Colleague: 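After the structure tokens below, expect a handful of questions from me.
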Amino acid sequence: MDHLRATDPEIDQLIEQEKQRQASVLRMIPSENYASPAVLEATGSVLANKYSEGYPSKRYYQGQENIDGVELLAVGRAKELFQAEHANVQPYSGSPANMAVYLALMGKGGKVLGMDLAAGGHLTHGAKASFSGIFYESASYGLDRDTGRIDLAGVRRMAREFKPQVIFCGASSYPRQIDFAAFAEIAASVGAKLVADVSHFSGLCLSGDHPAPFPHVDVMTSTTHKLLRGPRGGMILCKAELAGAVDKAVFPGLQGGPHNQVTAGIAVALKEAASPDYADYCHRVVNNAKALAEGLISRGFNLVTNGTDNHLVLIDAGAAGLTGKVLATALERAGIVANANKIPFDPRSANDPSGLRMGTPALTTRGMGETEMDLVAGLVHQTAANLNDEGALDNIRSLVGELCAGFPAPGITPGSEC
Ligand code: DSN
């Protein structure tokens, strides 16, 4: 990046340091990944120079002959992959995508039933701190205390009592599958629209490792930078009857010009996601998460639901006499980057919760497999046992460095592709 180095050495240096960090640590925040060099090239392209309010063939400014082609490719690929009747790829990210869905389905007020943030839901599924709980009347469903799984009987009961216009399913911190068919039946029984936010596990819906949202749901939303390995962005897929409302909500309802360079990156990521290699990658993400879960359980950790069906595990650090933050801080010191997270029925606050959330998408993109996941589980265990021993943490840090050196980071290490 010669031009950047010459123009703004401070920013250049920070980017170089971040490259180095991403290559040399175990990135286990389950919502993060490595985009391919092709995705990064599209996202860093001259498409950033163009304004394109509107939609293909219906723009407000001239000069759209290339931009229309980019957006049509992204839309067509999204529809085909997810078997959706309509796609909008313009949302700036996941929260704006969900906000557009509220606007499309309910206008400026209404009732939403979503998964409780503390149970693993997302802020935009009705949490009181988010627009979704500020501008909309919200109620939340949770988990069965014994199993840690979504309490579908509770969802049905709440739907009957609360009478929402919209029900959100999908989660940010839930290690099991979501039963879209069951949610659809509940939504239909109260005349609500069903929205699935599959941001965390969209890829698994493509590879068959998780049920597909369509035809059960009315609307699907997703970020594009998690398992999907695209640039930071969002998309909304929906039934044809909602296409006009969704498009109007995104533009002009909430946004101005789309980020065309991101749309191009999304198109590339969707093309990559259509390949058999990507389905194989998703299978390995799940197998790795299961191997990580087994490795942690065999070393004495308690996991929420005792395991996983998807790309993440949730450790109850409280059961090990720790907090999520204490463990996350020590792990970062040792080169393992995860995040403190609430666990179901957590007695602690969101600022210092009991859980630690760890995911396998990024490590799997680097080519690590089940053997490495067991090694990682061992390193987590050693870290937890040596929280204040700088020498031991140094030693774990060098083992992490050696592990990372054996698995080059795509998009960063020259020649390494996703
Ligand atoms: N921030 C994302 C996550 O880490 O799950 C959700 O938006």
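Both counts, for ligands and for their atoms, begin at 1 and track the order of listing. This structure is a prediction, so every number in the text was calculated from the model and none was measured.
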Colleague: Can you find a protein heavy atom closer to atom 1 (N) of ligand 1 than 4.0 Å?
Modeller: no
Colleague: So is Glu32 touching ligand 1 or not, going by heavy atoms under 4.0 Å?
Modeller: no
Colleague: Just to be sure I read this right, does ligand 1 sit under 4.0 Å from the backbone of Arg357, its side chain, both, or neither, counting only heavy atoms?
Modeller: side chain
Colleague: Which ligand 1 atoms, with their elements, are less than 4.0 angstrom from a heavy-atom of His200?
Modeller: 3 (C), 5 (O)
Colleague: If you round to the nearest 0.5 Å, how far is NE2 of His311 from CG of Asn33?
Modeller: 10.0 Å
Colleague: A quick test of your reading: do over 12 heavy atoms of other residues, nucleotides or ligands sit less than 6.0 Å from OH of Tyr55?
Modeller: yes
Colleague: Decide side-chain contact (heavy atoms from CB on, under 4.5 Å) for Leu227 and Leu204; before the verdict, give the C-alpha distance in whole Å, the side-chain angles of both, and the deciding distance to 0.1 Å.
Modeller: CA-CA 8 Å; Leu227 251 192; Leu204 305 186; 3.5 Å; yes
Colleague: Starting from atom 7 (O) of ligand 1, which protein heavy atom do you reach first, and at what distance in Å?
Modeller: His122 NE2, 2.9 Å
Colleague: Could you check Ser95, Pro96, Ser199 and say which one makes a side-chain contact (heavy atoms from CB on, under 4.5 Å) with Thr124?
Modeller: Ser95
Colleague: Answer yes or no: does atom NZ of Lys271 have more than 12 heavy-atom neighbours from other residues, nucleotides or ligands under 6.0 Å?
Modeller: no
Colleague: Show which atoms of ligand 1 fall inside a sub-4.0 Å distance from at least one heavy-atom site of Ser31.
Modeller: 3 (C), 4 (O), 5 (O)
